There are 2 protein chains.
Amino acid sequence: MPESPPPRLDEIDVRLLDLLQQDAGRTLHDLGGQVGLSPSAVQRRLARYRRDGLIARQVAVLDPHRFGPTVLAVVLVTLARESFELHRAFAARMRADPQVQQCHRVAGPWDYVVVLAARSMRDCSRLGDRLFKADDNIRRYETLMVFDTVKTGLALPLPAP
Amino acid sequence: MPESPPPRLDEIDVRLLDLLQQDAGRTLHDLGGQVGLSPSAVQRRLARYRRDGLIARQVAVLDPHRFGPTVLAVVLVTLARESFELHRAFAARMRADPQVQQCHRVAGPWDYVVVLAARSMRDCSRLGDRLFKADDNIRRYETLMVFDTVKTGLALPLPAP
DNA sequence: CGCCGCGACGCAATAATCTTGCATGCCCGA
DNA sequence: TCGGGCATGCAAGATTATTGCGTCGCGGCG
């Protein structure tokens, strides 16, 4: 797997990427105004970011509370056995389920941290049953119901140039 | 606070919103092709989503691995005292720090689940010190270093229409 | 010291996309 | 059956994105 080196980023690149992490809906004209470049110069930089894979994708973030009740939960999971194949199967199931927002394999006694989105407490409970209780390779899981989301996002802190 | 009722969504709305959650960079023409509408009809629906606040924002998601080493951590936090004011102060600090990706207040023995993004293990350690050790209202915190991100995103499962 | 060659830029022309006015068709209630 | 409200498609117009071209600044090298 050819791991290309991190491309050089000047200060303008960092500012542009930060702006795009906050709001990717701006026009090239706006972005240019913020960083002091012409729209076409901005456009060429953006094309480079996409070509180099710096920008993985561009998504719309929905407001959970506008879709009726929504409950989130953070689930800590420990598998019963550690085989490579069982990990793969678990990961595949997490990836496949649209109610799984995030899934990270972590160090320590817990193997995975999973973030779930459900329509109701009952839905959440059934989801947990389906994802974790039905899997006989799961030793234990603990569900931390989310009362309140203080902050959410996927923004990365960028290295200073 | 006027909590407006969830707007009616037909099947086309759900399909559009799902498409936008996956990739908000498509043209109205493309989206229309996927759902069988003209670009202008799609545009009017999108305008409605934005007006109703269904779409909170539109962001670029960067690929962490293209920016040199990046380490993520999930931190479980319990405050020492429960005063409303102390919770507010903690939440404000989480919101203000760009290295805090997500912060949820949860039920159970832990008060918060926090997701951190850092440039190195050392950076992560210092970040933890700064955010949690320096705060004398934090009783205890536990850091779960992320080995591998199986899935990430903020997509909501939409209710069937 | 001077001469390229590369890369990034701004400007302007072109292409693509978004936005909006308007007329039509559908559904529902009177 | 007759409107009224609403969503649609189409097409014109406005905005935005893309690209060709000439210029500039910065090394590397003769």
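Note that the structure is predicted; figures quoted are calculated from it, not measured. Letters A, B, ... mirror the listed sequences (proteins, then strands); counts begin at 1.
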Peer 1: Taking 4.0 angstrom as the limit, do A/D97 and A/R130 come out as a salt bridge?
Peer 2: yes

Peer 1: Below 4.0 angstrom, N of the basic side chain to O of the carboxylate: do B/D111 and B/R139 qualify?
Peer 2: no

Peer 1: Of the nucleotides D/dG9, D/dT8, D/dT19, which one has an atom closest to the side chain of A/Q43?
Peer 2: D/dT19

Peer 1: Atom CZ of A/R26 to atom P of D/dA17: distance rounded to whole Å?
Peer 2: 13 Å

Peer 1: For A/H29 and C/dC18, give me the distance from atom NE2 to atom C1', rounded to whole Å.
Peer 2: 17 Å

Peer 1: Starting from C1' on D/dT19, measure out to CG on A/L46 and report it in whole angstrom.
Peer 2: 16 Å

Peer 1: Quick check for you: among D/dT8, C/dG10, D/dA17, whose closest atom lies nearest to any side-chain atom of B/L37?
Peer 2: D/dT8

Peer 1: Send over the distance from B/R51 CZ to C/dT19 P, rounded to a whole Å.
Peer 2: 15 Å

Peer 1: For B/R45 and for A/R50, locate the closest nucleotide of DNA chain D by heavy-atom distance; then report the residue assigned to the nucleotide nearer the 5' terminus.
Peer 2: B/R45

Peer 1: Could you check how far CZ of B/R8 sits from P of C/dC28, rounded to whole Å?
Peer 2: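 Taking CZ of B/R8 and P of C/dC28, I get 13 Å after rounding.
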
Peer 1: Which nucleotide in the list D/dT18, C/dC9, C/dT20 gets nearest to the side chain of B/S40?
Peer 2: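 Out of D/dT18, C/dC9, C/dT20, the nucleotide with an atom closest to B/S40's side chain is C/dT20.
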
Peer 1: Check the distance between C/dG7's P and A/D13's CG and give it to me in whole angstrom.
Peer 2: 16 Å

Peer 1: Could you please name the option among C/dG10, C/dT17, D/dA17 that lies closest to any side-chain atom of A/S38?
Peer 2: C/dG10

Peer 1: Take atom CG of B/L31 and atom C1' of C/dT19, then tell me their distance rounded to the nearest Å.
Peer 2: 15 Å

Peer 1: A side-chain contact here means heavy atoms from C-beta on lying under 4.5 Å apart; do B/C124 and B/R119 qualify?
Peer 2: no

Peer 1: Could you tell me whether B/R45 and B/D10 make a salt bridge, using a distance below 4.0 angstrom between a side-chain N and a carboxylate O?
Peer 2: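 Between B/D10 and B/R45 there is a salt bridge, with a charged N closer than 4.0 Å to a carboxylate O.
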
Peer 1: In whole Å, I'd like the distance from the CG atom of A/D30 to the C1' atom of D/dA17.
Peer 2: 14 Å

Peer 1: Is B/R57 salt-bridged to A/D63, cutoff N-O under 4.0 Å?
Peer 2: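 So B/R57 does not pair with A/D63 through a salt bridge.
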
Peer 1: Looking at C/dC18, D/dT16, D/dT8, which one has an atom nearest to any side-chain atom of B/L28?
Peer 2: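 Of C/dC18, D/dT16, D/dT8, C/dC18 is nearest to the side chain of B/L28.
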
Peer 1: Would you say A/R44 places a side-chain N or O within less than 4.0 Å of OP1 or OP2 belonging to C/dG7?
Peer 2: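 No.
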
